[in-house]
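Notes to accompany the following structure.
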Amino acid sequence: MYDFIKDPTLYNLARGPLVWIAFIVFIGGSIYKIRELVLLAKGERVVLPFIDLKATLRSLLHWLIPFASRNWRNRWPITILTFLFHICLVFTPILLLSHNILVYESWGITWWTLPEGLADIMTFVVVITCIIFFLRRFLAPEVKFVTFSSDYLILAISFFPFLTGFLAYHQLLLPYKTMVILHMLFGEIMLIAIPFTRLGHMFYFFLTRSFMGSQFALWHSRDW
Ligand code: HEM
Ligand code: HEM
């Protein structure tokens with residue numbers, strides 16, 4: 001039988017053109033989606049004229065600092081998990097030695113990298129918190145009630161790049177080459193999915209807080 005793993009084509013594709021395509025779609029798609037939302041807001045007479053920079057910054061600060069909003073304080077276990085999840089999810093891939101080596105080989109640039117033991121722990125945190133979020137959505141009746149299949153999908157898209165990255169690095173479960181190809185494909189799927197799924201909350205979060213913060217300020221109230 002034809003062995004597509006031994007054939008370097010798939011590896012070269014995932015390591016080269018697909019990385020380019022993933023980043024172009026991620027950046028281009030995100031700019032397009034944010035522009036679309038801003039144009040939509042422009043069409044509504046009650047949104048942009050009331051955006052208030054001070055109220056925006058106040059809202060963002062309260063929602064970006066753990067326990068600084070009442071919602072974060074009321075649900076403290078989930079708050080801890082959510083912050084741990086997001087910090088590890090965003091910083092691990094950017095500061096990972098393996099990723100930096102790839103960038104260095106292609107572009108000759110490097111930046112600060114995480115010690116490998118710490119990167120492993122942060123990867124593990126993402127894997128475990130994803131499993132907890134999944135179980136919570138599946139088992140807690142008040143969360144299950146408002147859960148759609150798309151919630152499981154965005155959890156899976158976040159989970160697999162970390163699981164396969166970890167397994168490839170430690171050469172577990174499958175031959176290294178197979179696992180690293182799977183990892184690169186999952187990583188590319190994640191980047192491409194961000195603008196077109198609810199993972200886009202990575203950007204929309206900031207716009208929502210600006211809108212909510214400004215609206216509440218109009219009512220002399222606070223949204224945290
Ligand atoms: C864009 C395409 C990507 C490529 C080409 C790529 C490539 C790689 C490579 C070659 C490794 C190292 C395996 C080894 O050490 O031999 C790795 C590890 C890893 N990657 Fe990626 N990656 C990509 C995207 C992503 C994304 C989007 C994420 C997460 C958001 C991610 C998270 C990780 C993690 C967590 C590890 C292993 C960390 C550890 O336990 O040390 N990667 N990646
Ligand atoms: C960097 C800016 C980001 C901000 C400010 C942000 C903010 C948030 C907030 C406020 C929540 C709701 C938390 C809760 O209900 O307790 C959330 C959930 C979530 N975020 Fe993000 N996020 C960001 C980036 C990302 C990225 C890049 C991904 C993955 C690619 C991601 C994946 C998720 C997932 C999967 C959930 C849902 C967890 C669950 O099932 O309950 N986030 N995010």
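Note that this is a predicted model, so its numbers are computed, not measured. The chain is numbered in sequence order, starting from 1.
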### Query
Rounded to the nearest 0.5 Å, how far does CG of L89 lie from CE of M202?
8.5 Å

### Summary
Tightest non-hydrogen contact, residues S98 and Y169, listed as OG-CD1, 4.4 Å

### Task
Indicate, with yes or no, if the rings of W224 and W72 have centres closer together than 6.0 Å.
no

### Message
Using the rule that Ile, Leu, Val, Met, Phe, Trp and Tyr join whenever any side-chain heavy atoms are under 4.5 Å apart, tell me whether I109 and I94 fall into a single cluster.
### Response
yes

### Task
Apply the test side-chain contact (heavy atoms from CB on, under 4.5 Å) to residues I51 and L48: give CA-CA distance (whole Å), side-chain angles for both, the deciding distance (0.1 Å), then the verdict.
CA-CA 5 Å; I51 292 296; L48 292 189; 4.3 Å; yes

### Message
Are the side chains of F205 and L60 in contact, using a 4.5 Å heavy-atom criterion?
### Response
yes

### Task
Check the pair L114 / L96 against side-chain contact (heavy atoms from CB on, under 4.5 Å), numbers first and verdict last.
CA-CA 6 Å; L114 292 166; L96 194 68; 5.6 Å; no

### Polar contact flag, side-chain donor to acceptor under 3.5 angstrom, R209-T56
no

#### Entry: N/O donor-acceptor pair under 3.5 Å between H86 side chain and F83 backbone
no

### Query
Backbone N or O of T9 within a donor-acceptor pair of the N12 side chain at under 3.5 Å?
no

### Task
Compute whether any side-chain donor of one residue and acceptor of the other, for D223 and S59, lie under 3.5 angstrom apart.
yes

### S210 side chain vs F206 backbone, donor-acceptor pair below 3.5 Å
no

Show the atom names and distances, to 0.1 Å, of all donor-acceptor pairs under 3.5 Å that link a side chain in residues 117-139 to residues at least two apart or in another chain.
residue: D120; atom: OD1; partner: H170; partner atom: NE2; Å: 3.0
residue: D120; atom: OD2; partner: H170; partner atom: NE2; Å: 2.7
residue: T123; atom: OG1; partner: A119; partner atom: O; Å: 2.7
residue: T129; atom: OG1; partner: V125; partner atom: O; Å: 2.7
residue: T129; atom: OG1; partner: V126; partner atom: O; Å: 3.1
residue: R137; atom: NH1; partner: T147; partner atom: OG1; Å: 2.9

### Message
Filter on ring-ring contact (aromatic ring centres under 6.0 Å, His included), then keep only pairs touching residues 92-121, sequence neighbours left out; what's left?
### Response
W20-W107

### Task
Would you indicate whether the side-chain heavy atoms of T197 and S150 approach each other to under 4.5 Å?
no

### Query
Do side-chain atoms of T113 reach the backbone of L95 as a donor and acceptor pair under 3.5 angstrom?
no

### Query
Say you draw a straight line from OG1 of T208 to CH2 of W63; how long is it, rounded to the nearest 0.5 Å?
11.0 Å

### side-chain contact (heavy atoms from CB on, under 4.5 Å) between L57 and L61, intermediate numbers included
CA-CA 6 Å; L57 294 177; L61 219 59; over 6 Å; no

For residues 172-195, tabulate all N or O donor-acceptor pairs below 3.5 Å that involve a side-chain atom, not counting sequence neighbours.
residue: H183; atom: ND1; partner: P161; partner atom: O; Å: 2.9
residue: H183; atom: ND1; partner: T164; partner atom: OG1; Å: 3.3
residue: H183; atom: ND1; partner: G165; partner atom: N; Å: 3.2

### Task
With side-chain contact (heavy atoms from CB on, under 4.5 Å) as the test, would you mind laying out the steps for K33 and Y204 before giving the verdict?
CA-CA 9 Å; K33 286 287 193 175; Y204 300 146; 3.3 Å; yes

### Task
Check whether any side-chain heavy atom of S69 lies under 4.5 Å from a side-chain heavy atom of R222, and answer yes or no.
no

### Query
Side chains of R15 and L102: does their closest heavy-atom pair fall under 4.5 Å?
yes

### Query
Are F50 and F211 grouped together when hydrophobic residues (ILVMFWY) are joined by side-chain heavy atoms under 4.5 angstrom apart?
yes

